[in-house]
2 protein chains.
Amino acid sequence: MAAIPNRVDCNSCSVRELCLPHGLSFDEVEQLERAVGARRRIKRGQELYHARDAFSALYAIRLGSFKTRLSTADGREQVTGFQMAGDLLGMDGIGAARYASDAVALEDSEVCVVPFDQLEELSREVGSLQSHLHRMMSREIVRDQGVMLLLGNMRAEERLATFLLSLSERFRARGFSPSAFVLRMSRQEIGSYLGLKLETVSRVFSRFREQGLVDVDQREIRLRDEAALRRLVEACAGVA
Amino acid sequence: MAAIPNRVDCNSCSVRELCLPHGLSFDEVEQLERAVGARRRIKRGQELYHARDAFSALYAIRLGSFKTRLSTADGREQVTGFQMAGDLLGMDGIGAARYASDAVALEDSEVCVVPFDQLEELSREVGSLQSHLHRMMSREIVRDQGVMLLLGNMRAEERLATFLLSLSERFRARGFSPSAFVLRMSRQEIGSYLGLKLETVSRVFSRFREQGLVDVDQREIRLRDEAALRRLVEACAGVA
DNA sequence: CGTAGTCTTGAACTGCATCAACCAATGTGG
DNA sequence: CCACATTGGTTGATGCAGTTCAAGACTACG
């Protein structure tokens, strides 16, 4: 059987259960696949989209990972999120018909292009798809608010512990080891996300290592005492 | 004609153009009004909803203003936003079927209750309503990312200037004076939103006053040199 | 094998927090 | 109507977490 180049095949996609609602019928998945434009490969360091580009599509990450960032006139950078396989990119573009941030690949990656008008149309017919879209957007709002809490109230150690546990959880959800993983991003980028300078990130990693909480070898991380990390986070974590 | 108590009347609502899409037909507004549950009054200091309450509805503010906040186990508070007439509350509840934050009235207020399942259903029929909902959620995401930038990268003066200009803009959009207004929130709450302590907020207000940027009398604010405030913000504002 | 990017570590600095006193406005009860 | 308490805001003195500046180590890649 000849493979159709760039043809989307959701049923065999490894992150299906992350980016699609449960219980779609075979037919509905078919419809969705017709709506989804194509796959697109992005090399490490390249931009999937740039702030102020005209918005037309959401992107579902099939493979790889990204950061989203805001850049300021005077050259500061705020990383607003790290996205991995199964995550959805571009929801910040819907409101103003332009993307609000840059999306940059942290490694060679591949996304499914989901033209938004077609998604809206299809979600008018398929209720579960509509709900799924709403849930995805709402979760993004909740995540962002969590970051506000982190940036507004936490100290450096609490921020990094929160970050590590959140990564761990996301790897677990994707079937990878939650206790040993490789960071896709630099200290600089972690710092930007957490509102810290890269030196501070490095120092806190060192402190965690000395206390036996983690093994750190460059970007390879092993969580050695997850309970202790969790204790660090507990007091300052949202009650919810 | 006997007024139906708590009956919603969108056509005569002063914030109609903020919370409804343009160009709804009379019929469609009728449908929406039937879907919208009722009005609800919230006294100053009371909670409209609490984090972890079961989610069932969005709330459109008719009158008054609110703050949303996250509370932590050890008693810290992060204000995640201030909402005023025409704004939508509760979108953080969709994803997990529970509200993620508390919504507290800053003054005696009134909201329209919009049961979410009915809104979803109606938005499947009325395309413009569907798009409007998506835009509202997306704008919330963009706003939250802007706050991340503020918390992660800006200094105290830049944060407060950003805050004042944003308030000014929102008052303007509602037909109030953009240069003279009364703050609905305390220094404490402003500080929590901006990631600062109340003393710092107070000090920066004083500095702005000394520099002739604003008049401050308790909660009464008058912007005297908007251009200067804007200059403070420009360098660090998102390029977008 | 050399050069550039990334990471670590140290020393000194600083912006905001903390602690504390005081003031103004508002409310309360006698 | 006035003493008094309460709440919210201002201002000063001091401290410290995280930044800044700087140097060196490690890694990767052409």
Side-chain angles (χ1 to χ4, degrees), chain A residues 43-45 67 74-79 104 106-108 150-164 182-211 214-222 232 235-236, chain B residues 44-45 67 74-79 104 106-107 150-164 182-211 213-222 232 236:
Chain A
K43 281 210 189 304
R44 174 194 161 96
K67 67 172 173 182
D74 61 355
R76 302 178 228 182
E77 175 189 34
Q78 176 69 35
V79 171
V104 183
L106 295 176
E107 58 192 313
D108 291 359
L150 180 146
L151 292 171
N153 274 299
M154 294 190 197
R155 37 227 331 315
E157 297 198 347
E158 295 167 341
R159 294 185 198 195
L160 192 61
T162 303
F163 176 68
L164 290 175
V182 175
L183 300 175
R184 252 69 242 214
M185 65 294 284
S186 69
R187 301 290 190 263
Q188 163 84 264
E189 289 164 330
I190 297 172
S192 171
Y193 182 59
L194 299 179
L196 301 169
K197 293 296 157 182
L198 68 94
E199 294 95 326
T200 304
V201 174
S202 179
R203 279 183 238 275
V204 175
F205 267 133
S206 299
R207 224 175 300 156
F208 281 178
R209 184 157 25 77
E210 287 157 18
Q211 297 170 335
V214 297
D215 287 345
V216 185
D217 178 20
Q218 297 290 110
R219 299 195 177 181
E220 283 174 37
I221 303 289
R222 174 177 295 275
L232 260 178
C236 56
Chain B
R44 175 194 160 95
K67 68 174 173 181
D74 61 355
R76 302 177 229 182
E77 175 189 34
Q78 176 70 35
V79 170
V104 184
L106 295 175
E107 58 191 314
L150 179 147
L151 292 171
N153 274 300
M154 294 190 197
R155 34 222 339 318
E157 297 197 350
E158 295 167 341
R159 294 185 198 194
L160 192 61
T162 304
F163 176 68
L164 290 175
V182 175
L183 300 175
R184 256 61 250 214
M185 65 294 285
S186 68
R187 302 290 190 263
Q188 162 83 264
E189 289 164 330
I190 297 172
S192 172
Y193 181 59
L194 299 178
L196 301 169
K197 293 297 156 181
L198 68 94
E199 295 96 326
T200 304
V201 173
S202 179
R203 278 182 238 274
V204 176
F205 267 131
S206 299
R207 224 175 300 156
F208 282 177
R209 183 155 26 76
E210 288 157 20
Q211 297 169 335
L213 303 188
V214 297
D215 287 345
V216 185
D217 178 21
Q218 299 290 109
R219 298 195 176 182
E220 283 173 38
I221 303 289
R222 174 177 295 273
L232 259 179
C236 57

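Because the structure is predicted, anything quoted here is derived from the model rather than measured. Reminder, nothing fancy here: chain letters follow the sequence lines and each chain counts from 1.
- Here the closest non-hydrogen pair linking A:E158 and A:T162 is O-OG1, 2.6 Å.
- Relative to the axis of its first five pairs, the axis of the last five pairs of the helix from C:dC1-D:dG30 to C:dG30-D:dC1 sits at 40°, rounded to 10 degrees.
- For C:dT9, the OP1/OP2 oxygens have a side-chain nitrogen or oxygen of A:S206 closer than 4.0 Å.
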Checklist line | Residue pair B:I221, B:V216: steps toward the side-chain contact (heavy atoms from CB on, under 4.5 Å) verdict | finding: CA-CA 5 Å; B:I221 303 289; B:V216 185; 4.0 Å; yes

List the atom pairs, donor and acceptor, that lie under 3.5 Å between side-chain atoms in residues 190-205 of chain B and the rest of the protein, sequence neighbours left out.
residue	atom	partner	partner atom	Å
B:S192	OG	B:E77	O	3.0
B:S192	OG	B:V79	N	2.8
B:Y193	OH	B:R143	NH1	3.1

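- For A:R209, taking side-chain heavy atoms from C-beta onward, the closest of the listed nucleotides C:dT9, D:dG9, C:dC7 is C:dT9.
- Residue A:R187 has no polar side-chain atom (N or O) positioned under 4.0 Å from OP1 or OP2 of C:dG5.
- When the shell of 6.0 Å around CZ of B:R219 is examined, it contains more than 12 heavy atoms from other residues, nucleotides or ligands.
- Counting any heavy atom pair closer than 4.0 Å across all strands shown, A:S186 reaches sugar-phosphate atoms only and no base atom.
- Atom CG of A:L183 is separated from atom C1' of C:dC7 by 13 Å (rounded to the nearest Å).
- Listed by chain and residue number, A:E157 satisfy the salt bridge (charged side-chain N to carboxylate O under 4.0 Å, His left out) test with A:R207 (two or more places apart in sequence, or in another chain).
- When atom types are taken as modelled, the side chain of A:R159 and the backbone of A:M154 share a donor-acceptor pair closer than 3.5 angstrom.
- Per the geometry, CZ belonging to A:R219 stands 10 Å off P belonging to C:dT8, to the nearest Å.
- In this structure, the CZ atom of A:R184 is 16 Å from the C1' atom of C:dT6, given to the nearest Å.
- Listed by chain and residue number, nothing satisfies the salt bridge (charged side-chain N to carboxylate O under 4.0 Å, His left out) test with B:E220 (two or more places apart in sequence, or in another chain).
- Distance CD (B:E220) to C1' (C:dA24): 14 Å, rounded to an integer number of Å.
- Residues passing the salt bridge (charged side-chain N to carboxylate O under 4.0 Å, His left out) test with A:R184, sequence neighbours excluded: A:E107.
- When rounded to the nearest whole Å, the span between CG of A:L160 and C1' of C:dC7 equals 14 Å.
- What separates CE of A:M185 from P of C:dT6 is a distance of 14 Å, to the nearest Å.
- Put simply, CG on A:N153 is 13 Å from C1' on C:dA17, counting in whole angstrom units.
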Checklist line | Heavy-atom protein contacts under 4.0 Å, nucleotides 15-30 of chain D, coded B base, S sugar-phosphate only, - none | finding: --SSBBB-----S---

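- Nearest heavy-atom pair across B:G152 and A:Q78 is CA-OE1, 3.4 Å.
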